[in-house]
Number of protein chains: 2
Amino acid sequence: MGRPRTFDEDKALESAMRVFWNQGYEDASLADLLADMGLTKGSFYKAFLDKKSLYLAALDLYARQSIVPMVEGLMDRTAGSGHDRILRVFQSIVDMGRSNGDRVGCFLCNAAVDRAAHDPDVELRLNSMFARMEDGFAAALADHLNKGPEAEDVRAGAKALVSQFMGLRVLGRAGQSVRFGDGVLSEVRRLLKLG
Amino acid sequence: MGRPRTFDEDKALESAMRVFWNQGYEDASLADLLADMGLTKGSFYKAFLDKKSLYLAALDLYARQSIVPMVEGLMDRTAGSGHDRILRVFQSIVDMGRSNGDRVGCFLCNAAVDRAAHDPDVELRLNSMFARMEDGFAAALADHLNKGPEAEDVRAGAKALVSQFMGLRVLGRAGQSVRFGDGVLSEVRRLLKLG
DNA sequence: CGTGTTTTGTACCAATCGGTTCCAAACCTT
DNA sequence: AAGGTTTGGAACCGATTGGTACAAAACACG
């Protein structure tokens with residue numbers, strides 16, 4: 001019943017996410033978004049409610065597409081030791097910076113800086129992602145230390161790893177992930193050497 | 001020679017810095033800036049060249065006002081042990097979050113996310129600030145470890161501390177510095193316990 | 001083959017964007 | 001007090017902002 005869509009809503013959302021990701025909310029104009037999504041205003045406002053809703057949907061997509069897999073990788077006991085699972089996360093960020101110059105950073109991290117403080121809907125989503133990441137690191141760290149994931153030093157270590165991760169991605173956004181990556185990696189390695 | 005200024009250029013710049021600091025470059029409209037600076041367009045465009053120049057000047061002010069003192073504190077051997085100087089830096093960020101809810105983050109860090117990738121003039125300034133911070137941490141760390149500030153593990157540790165610091169400030173911007181602060185602090189303390 | 005329903009593209013909207021122009025007001029110098 | 005010089009403020013600019021209205025187009029169903 002009615003005229004069928006000529007575009008893929010998921011693909012369009014993915015395009016929007018990329019635009020928001022490397023331009024930020026304010027700097028991504030509707031025109032930029034529409035061009036990259038390959039659709040016109042008529043279709044856009046019918047499919048997605050407005051710019052802000054699109055942004056929130058892009059955040060949710062990022063959670064599904066990037067955060068969840070990363071957390072699953074950290075929690076997956078069949079994917080190597082806790083030590084290796086943690087290191088792999090940081091190594092992949094450094095490698096990304098080395099190969100393509102990164103400059104895109106982490107959408108979660110970018111959103112935290114430019115929208116979280118001004119939009120409670122964004123803040124809610126980010127806090128949930130931060131918590132998931134903490135749980136992921138905690139799971140891997142608990143395995144590494146042969147402790148429960150709720151042990152006090154495990155939680156503390158997991159929080160520090162989230163923070164360390166965010167820092168590396170900020171530096172990556174500024175084009176510094178190669179310069180700082182090795183230092184971060186070797187310190188994470190040292191942190192994991194402790195009992 | 002001519003009519004004298006009725007505003008303090010330094011105060012105006014400080015206001016502009018605050019506005020850019022918590023709204024970002026794009027979201028800070030000229031109207032916002034003028035309102036906070038307490039001057040009209042005529043005076044503004046005469047004193048500061050344009051919006052971007054104002055932003056760069058604000059970044060330079062931040063370097064002078066926040067980064068330099070912090071780095072000096074880290075390098076100052078009369079200000080306690082290297083261990084204490086480093087911990088104090090992180091402690092002050094956590095305390096800031098505890099007392100006023102922060103939400104402002106670090107201007108350097110905010111600029112890295114929303115401007116560095118798109119403006120080489122910004123990137124240049126940020127890289128210089130990152131390097132200074134690394135030198136500051138390296139100096140304190142070298143004192144702590146009784147090594148030279150160029151020792152390989154000192155440089156690595158300093159880089160990791162810069163990254164950790166940036167991460168904490170991103171989390172603070174998202175209102176999470178209290179939640180993550182203790183974890184970060186205790187891990188920094190552990191990192192400093194190593195020989 | 002119509003009819004009803006949905007999508008699509010375009011024209012249009014007021015508001016705001018950063019920036020310029022221009023002149024009167026306000027001062028210093030002589 | 002007069003002349004020279006700089007500032008301050010308002011009027012104005014074209015371009016762009018996010019968003020709406022509406023009619024033509026494209027399908028499913030009877």
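In what follows, chains are A, B, ... by sequence order, proteins preceding strands, each numbered from 1.
For B/Arg125 and B/Asp119, the salt-bridge test fails: no basic side-chain N is under 4.0 Å from an acidic carboxylate O. In summary, A/Asp36 and A/Arg18 engage in a salt bridge, as defined by a charged side-chain N under 4.0 Å from a carboxylate O. A salt bridge does not link A/Asp182 with A/Arg189: every distance from a Lys NZ or Arg NE/NH1/NH2 to an Asp or Glu carboxylate oxygen is 4.0 Å or more. Between B/Glu72 and B/Arg85, none of the side-chain N atoms (NZ, or NE/NH1/NH2) sits under 4.0 Å from a carboxylate O, so this pair counts as no salt bridge.
In 5' to 3' order, the nucleotides of DNA chain D bounding all contacts with chain B (an atom under 4.0 Å from a heavy atom) are D/dG4 to D/dG9.
Atom pair B/Leu34:CG and C/dT16:C1' shows a separation of 14 Å (rounding to whole Å applied). In this entry the distance linking CG of B/Asp27 with C1' of C/dC17 reads 13 Å, nearest Å. The separation between A/Leu30 atom CG and C/dT16 atom P is 17 Å, rounded to whole Å.
Side-chain atoms of A/Arg3 stay outside donor-acceptor range of the base of C/dT6, with no qualifying N/O pair under 3.5 Å.
Residues from residues 10-24 of chain A with heavy atoms under 4.0 angstrom of DNA chain C: there are none. Less than 4.0 Å separates DNA chain D from at least one heavy atom of each of the following residues of residues 36-53 of chain B: B/Thr40, B/Gly42, B/Ser43, B/Lys46.
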Open item on the list: For A/Glu123 and B/Arg103: C-alpha separation, side-chain torsions, deciding distance, then whether salt bridge (charged side-chain N to carboxylate O under 4.0 Å, His left out) applies.
Closed with: CA-CA 11 Å; A/Glu123 187 182 358; B/Arg103 310 313 302 251; 3.1 Å; yes
- [ ] Determine, stepwise, if the pair B/Glu134 / A/Arg179 fulfils side chain to side chain contact (heavy atoms under 4.5 Å, CB included).
- [x] CA-CA 11 Å; B/Glu134 182 187 333; A/Arg179 177 164 162 72; 3.0 Å; yes
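End-to-end axis angle of the helix from C/dC1-D/dG30 to C/dT30-D/dA1, from C1' rotation axes over five pairs per end: 10° (rounded to 10 degrees).
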Anything under 3.5 Å between a donor and an acceptor, one on a side chain of residues 109-116 of chain B, the other on a protein residue two or more places apart or in another chain? List them.
unit_1: B/Asn110; atom_1: ND2; unit_2: B/Trp21; atom_2: O; d: 3.0
unit_1: B/Asn110; atom_1: ND2; unit_2: B/Val104; atom_2: O; d: 3.2

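Screening B/Val170, B/Val184, B/Val188 for a side chain to side chain contact (heavy atoms under 4.5 Å, CB included) with A/Ser163, the sole residue that qualifies is B/Val184.
Within 6.0 Å of atom CZ in A/Arg5, more than 12 heavy atoms from other residues, nucleotides or ligands are found, so the atom counts as buried in its surroundings.
Using a distance-only test at 3.5 Å, with no hydrogens or angles considered, a donor-acceptor pair links the side chain of B/Lys51 to the main chain of B/Ala28.
A/Gln65 and A/Glu14 form a side-chain donor-acceptor contact under 3.5 Å, judged by distance and modelled atom types alone. Inspection of the A/Asp50 and A/Ser53 side chains reveals an N or O donor paired with an N or O acceptor under 3.5 Å.
With sequence neighbours excluded, the residues that form a ring-ring contact (aromatic ring centres under 6.0 Å, His included) with A/Phe20 are A/Tyr25, A/Tyr55.
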